[in-house]
Amino acid sequence: MNEQYYLPLAYLNAWEYCPRRFFLEYELGENADNEHIIIGRHLHRNVDDEGKEVEGDKVIYRHQWVWSDRLLINGIIDAVEEKDKQLIPLEFKKGRMANHKSDHFQLCGAALCLEERMGGSIPFGEIFYYANRRRERVAGLKLLNSPRPLIVLSSSFQINETRSQD
């Protein structure tokens, strides 16, 4: 794995939210901290330490590194929950639960990485929104109805494209 050609999962969120913002942050390195970034880092402090804990019949793995050699993406999933031999990727976001396709896009990338690494199927993932303390289930990768396919760009502008299968 030559990581210099892999796109970090967090940039999938930036790409789906605003391709211009993606270009400014990823290609030009313009990643200035603002109040939202600082608050998000503070809220993430509990999941930013790698670890494992057991809560009843559920095992929670925090801060898990994943990658996809096929899609050339990599990054850290905030948490992966395991219950009844099913893995559930979990992302934590600072805002309120709404129809944030960019968050779904990032979660989809993380699930695809996890599937490739584990050799199984990830039927859904979840996003926890701190602002209203709610979890959103994002069921099925094919429910990711992005206007753009999953496009993975490397710093050399190599483009690989995959589309959800219906």
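Y11 and E25 share no side-chain donor-acceptor pair at under 3.5 Å. Donor-acceptor pairing under 3.5 Å is recorded for the side chains of H104 and E136. No side-chain donor-acceptor contact under 3.5 Å links K101 and Q106.
The CD1 atom of I76 lies 3.5 Å from the NE2 atom of H63; values are rounded to the nearest 0.5 Å. Taking OG of S68 as the start and OH of Y6 as the end, the distance is 7.0 Å to the nearest 0.5 Å.
For E53, the salt bridge (charged side-chain N to carboxylate O under 4.0 Å, His left out) criterion is met by R62, not counting sequence neighbours. Applying the side chain to side chain contact (heavy atoms under 4.5 Å, CB included) rule to L114 yields the partners V66, I77, V80, L87, P89, M118, I122; only residues at least two apart in sequence or on another chain are considered. Taking N132 as the reference, R96, M97, Y129, R134 meet the side chain to side chain contact (heavy atoms under 4.5 Å, CB included) condition, with sequence neighbours excluded. Remark: F128 engages F92, Y130 in a ring-ring contact (aromatic ring centres under 6.0 Å, His included) (not counting sequence neighbours). Applying the side chain to side chain contact (heavy atoms under 4.5 Å, CB included) rule to K83 yields the partners D57; only residues at least two apart in sequence or on another chain are considered. By the side-chain hydrogen bond (donor to acceptor under 3.5 Å, both in side chains) test, E50 pairs with no residue at all, sequence neighbours left out.
Counting all heavy atoms, side chain and backbone alike, G109 lies closest to L9 at C-CD2, 3.7 Å. Smallest separation of non-hydrogen atoms from L107 and G125: CD2-C, 3.6 Å. When every heavy atom of Q86 is checked against every heavy atom of P123, the shortest pair comes out as NE2-CD, 3.1 Å.
Considering only heavy atoms from C-beta on, V59 comes within 4.5 Å of K52 through its side chain. The closest side-chain heavy-atom distance from D78 to L90 is not below 4.5 Å. You'll find the side chain of W67 stays beyond 4.5 Å of the side chain of I73, heavy atoms only. By the 4.5 Å heavy-atom criterion applied to side chains, W65 and N74 are counted as neighbours. For the pair V138 and C108, the minimum side-chain heavy-atom distance is 4.5 Å or more.
Residue L71 is grouped with residue F22 when hydrophobic side chains (ILVMFWY) are merged at heavy-atom distances under 4.5 angstrom, including chains of intermediate members.
The stretch residues 119-131 participates, sequence neighbours left out, in these salt bridge (Lys or Arg N to Asp or Glu O under 4.0 Å) pairs: E126-R135, E126-R137.
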Test side-chain contact (heavy atoms from CB on, under 4.5 Å) on D103 and N13; report intermediate values, then the result. CA-CA 6 Å; D103 293 345; N13 191 310; 2.9 Å; yes
Give the intermediate values and the outcome of side-chain contact (heavy atoms from CB on, under 4.5 Å) for residues R70 and E116. CA-CA 8 Å; R70 184 174 60 89; E116 186 175 320; 3.5 Å; yes
